[in-house]
Amino acid sequence: MGSIQGPSAGHTAESSRKVIVAGAQLGPINVDTPREEGMNRMLKLMDDAHQKHAKLIVYPEIAPVTFFPRHILEGDELEQYFEQEVDGDATKLPNLKPLFDRARQYKMDMYLGYAEHATESSEGNHVHYNTAVYYSGAADKVISKYRKVHLPGTFEPYERKDATNQLEKRYFLPGNLGFEAFRAPGLVPGAVNQKSGAKANAPDSLGKGDPIIGMLICNDRRWPESWRPYGLQGAELVLCGYNTTAWAPELIGTNEKTSTPEKAKAEALFHNKLCITYNSYANACFSINVAKCGVEDGKYPLIGGSCIVDCDGEVVVEAQTEDDELIVAEIDLGMCRRGKEKVFAFERHRRTEHYGRIVGQTGVVEPDLL
């Protein structure tokens, strides 16, 4: 397991909004990997983050288990991968409780991705979501939940037996919680709050409250529509875990540029970095992007590329392996003010009267033929 300490991220001299954060990349977790083994690896990464004084740790999408949506599963064989809350409290999830207990011990905040079995009605009917929660060490509870909105792949499996399936549309519903930002208490010192008499959106409180955070999962990061709602809520930090295939020609197609597994992997890594660096810049926010990666079950390659990106779109620190690896950086959320007040001062420059097509239309409608 590797561990990389990144540089300080361009601190502003007057800022007190500095915080050490960590991304906990995971190497392969196979179908036959015991749950206990995966959990111990995740706990080891949290221990390492604590040793480096990290206040926040981010894990990948569906972190504790193999990326099961590539397989055709039914009944108990499928349900074994899902976590069901106890009394509406994610910290009591039996398979994940050790992580919450350790985070509580360290008073560390945590983004954790998992497959959620949710009860949706009084009759006990349940549905499945691809979910991430944010646990606050200061509040000692989960303070936000996010469900993946942009589900990739197909509902039906491919006919070819050797094809790599992506069956999230089969196993999950699209997320129904939207893109709601939230504040993380205690993550930076000296934040202004209501008790001090400060009011949200007042000129003298902008950029001075508890950090504003948003969450995404995997494919969401490719869609600007996922990031902009967070930008419009003043997000300073966006967290995203992912499991992204390095070679699945049936799913994403091929051309001369992606004609081999090596070329396809290079393109996938390029697109990963492209979407997280641009959208961090365009919304003047930092982002922590963390992979589960490597070759699962000896034949399903997932890209690495875990990285922490600053609010100018620059990669601060990036993972160097496709194994368990901790990336750490001290970031300064005070840096976000320049982008939010200058180039991307939304209140001055956005022209919403021209954006109707973005929300009023789903598929492509081409202009009339000449």
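The model shown is predicted, which means the values in this text are computed figures rather than measured ones.
- A pairwise comparison of heavy atoms in P64 and G113 identifies CD-O, 3.6 Å as the closest pair.
- When all heavy atoms are compared, the tightest approach of A63 to M42 is CB-CE, 3.6 Å.
- K292 places a side-chain N or O within 3.5 Å of a backbone atom of V65 that can act as its donor or acceptor partner.
- The environment of Q105 atom CD is dense: over 12 non-hydrogen atoms of other residues, nucleotides or ligands sit within 6.0 angstrom.
- Note that the OH atom of Y59 and the CG atom of L96 stand 11.0 Å from one another [nearest 0.5 Å].
- Criterion: ILVMFWY side-chain heavy atoms under 4.5 Å apart, direct or through other members. Under it, V31 and Y171 are part of a common hydrophobic cluster.
- The number of heavy atoms from other shown groups lying within 6.0 Å of CD (E353) is above 12.
- No continuous path of hydrophobic side-chain contacts links Y281 to V316 [ILVMFWY only; heavy atoms under 4.5 Å].
- Judged by distance alone, the side chain of R338 and the main-chain N or O of C311 form no donor-acceptor pair under 3.5 Å.
- Q25 contributes a side-chain N or O that, together with a main-chain N or O of T321, makes up a donor-acceptor pair within less than 3.5 Å.
- Remark: L112 CG to L93 CG distance equals 8.5 Å, nearest 0.5 Å.
- Annotation for Q361: atom CD counts as buried by contact number, over 12 foreign heavy atoms lying within 6.0 Å.
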task = Under the side-chain contact (heavy atoms from CB on, under 4.5 Å) rule, what do T244 and H271 come out as? Steps first, then yes or no, please.
result = CA-CA 11 Å; T244 297; H271 285 158; over 6 Å; no
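- Heavy-atom contacts from other residues, nucleotides or ligands closer than 6.0 Å to CZ of R348 number more than 12.
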Using the ring-ring contact (aromatic ring centres under 6.0 Å, His included) rule, take F67 and Y300 through it: C-alpha gap first, then chi angles, then the decisive distance, then the call.
CA-CA 9 Å; F67 189 68; Y300 300 112; 9.7 Å; no
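- No donor-acceptor pair under 3.5 Å is formed between the side chain of D297 and the backbone N or O of N30.
- Put simply, V295 and I303 are part of two different groups of oily side chains (I, L, V, M, F, W, Y) that touch within less than 4.5 Å, one to the next.
- With respect to the salt-bridge test (charged N to carboxylate O, under 4.0 angstrom), the residues K44 and D48 qualify.
- Counting heavy atoms from C-beta on, the side chains of D312 and M335 come closer than 4.5 Å.
- For D220 and Y146, the side-chain atoms include at least one donor-acceptor pair closer than 3.5 Å.
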Apply side-chain contact (heavy atoms from CB on, under 4.5 Å) to residues L99 and M39 and explain how you reach the verdict.
CA-CA 8 Å; L99 287 166; M39 180 58 59; 3.4 Å; yes
Problem - Audit row: D89, F100, side-chain contact (heavy atoms from CB on, under 4.5 Å) steps and yes/no - result: CA-CA 11 Å; D89 184 354; F100 290 105; over 6 Å; no
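- In terms of heavy-atom proximity, C218 sits nearest to N243 at SG-O, 3.4 Å.
- The number of heavy-atom neighbours closer than 6.0 Å to CD of E347, taken from other residues, nucleotides and ligands shown, is above 12.
- Residues L206 and E341 have side chains not in contact (no heavy-atom distance under 4.5 Å, counting atoms from C-beta outward).
- A donor-acceptor contact shorter than 3.5 Å links the side chain of K340 to the backbone of A235.
- The heavy-atom pair separating R170 from P157 by the smallest distance is NH1-CD, 3.7 Å.
- Under the 3.5 Å distance criterion, with hydrogens and angles disregarded, a donor-acceptor pair is assigned to the side chains of D47 and Y106.
- The number of heavy-atom neighbours closer than 6.0 Å to CG of D76, taken from other residues, nucleotides and ligands shown, is 12 or below.
- A donor-acceptor pair is defined here as one N or O able to donate and one able to accept, closer than 3.5 Å; no such pair exists between the side chain of E168 and the backbone of G153.
- Side chains of N289 and Y242: no donor on one and acceptor on the other come within 3.5 Å.
- K273 NZ: 12 or fewer foreign heavy atoms inside a 6.0 Å radius.
- Atom CG of residue L151 and atom CG of residue L167 lie 11.5 Å apart, to the nearest 0.5 angstrom.
- Under the 4.5 Å side-chain heavy-atom criterion for grouping Ile, Leu, Val, Met, Phe, Trp and Tyr, I308 is connected to L56 within one hydrophobic cluster.
- When the options V309, V317, L237, D310 are evaluated for a side-chain contact (heavy atoms from CB on, under 4.5 Å) with I331, the one that passes is L237.
- Interatomic distance, C336 SG to F286 CZ, rounded to the nearest 0.5 Å: 5.5 Å.
- Side-chain polar atoms of D140 and Y135 form a donor-acceptor pair below 3.5 angstrom.
- Of all heavy-atom pairs spanning A191 and G209, the tightest one is CB-C, 3.5 Å.
- Between R221 and E61 no salt bridge is recorded (no basic side-chain N to carboxylate O distance below 4.0 Å).
- Looking at heavy atoms from C-beta onward, T131 lies out of side-chain contact with F172 at the 4.5 angstrom threshold.
- Remark: side-chain polar atoms of S196 are paired, donor with acceptor, to backbone N or O of N193 under 3.5 angstrom.
- With a 4.5 Å cut-off on side-chain heavy atoms, V21 and V328 do not count as touching.
- The shortest non-hydrogen separation linking L173 to Y129 is O-CD2, 3.5 Å.
- With rounding to the nearest 0.5 angstrom, the CZ atom of F344 is 9.5 Å from the NE2 atom of H349.
- Contact check for L45 versus L26: side-chain heavy atoms found under the 4.5 Å cut-off.
- With hydrogens and angles disregarded, no donor-acceptor distance shorter than 3.5 Å links the side chain of R147 to the backbone of L177.
- Hydrophobic clustering (ILVMFWY, side-chain heavy atoms < 4.5 Å, transitive): V290 and V19 are in one cluster.
- Taking the six-membered ring for Trp and thresholds of 30 and 60 degrees, H150 and W223 have nearly parallel ring planes, at less than 30 degrees apart.
- When side chains are defined from C-beta on, N130 counts as touching I62, because their heavy atoms get closer than 4.5 Å.
- Between I276 and C240 the shortest side-chain heavy-atom distance does not fall below 4.5 Å.
- Neither side chain, R41 nor T33, offers a donor N or O lying under 3.5 Å from an acceptor on the other.
- Within the 4.5 Å cutoff, the side chain of E85 has heavy atoms near those of the K145 side chain.
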Test side-chain contact (heavy atoms from CB on, under 4.5 Å) on R70 and L302; report intermediate values, then the result. CA-CA 12 Å; R70 66 172 66 98; L302 298 168; 3.9 Å; yes
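- With N272 contributing its side chain and A268 its backbone, the two residues share no donor-acceptor pair below 3.5 Å.
- Under the 3.5 Å distance criterion, the side-chain polar atoms of E322 are left unmatched by any main-chain donor or acceptor of P301.
- Relative ring orientation between Y81 and F68 is described as parallel, the plane-to-plane angle staying below 30° on a 0-90° scale split at 30° and 60°.
- Within 6.0 Å of atom CG in N255, more than 12 heavy atoms from other residues, nucleotides or ligands are found, so the atom counts as buried in its surroundings.
- Using modelled atom types and a 3.5 Å distance limit, the side chains of T66 and E296 yield a donor-acceptor pair.
- The distance from atom CD1 of I288 to atom CE of M215, rounded to the nearest 0.5 Å, is 12.5 Å.
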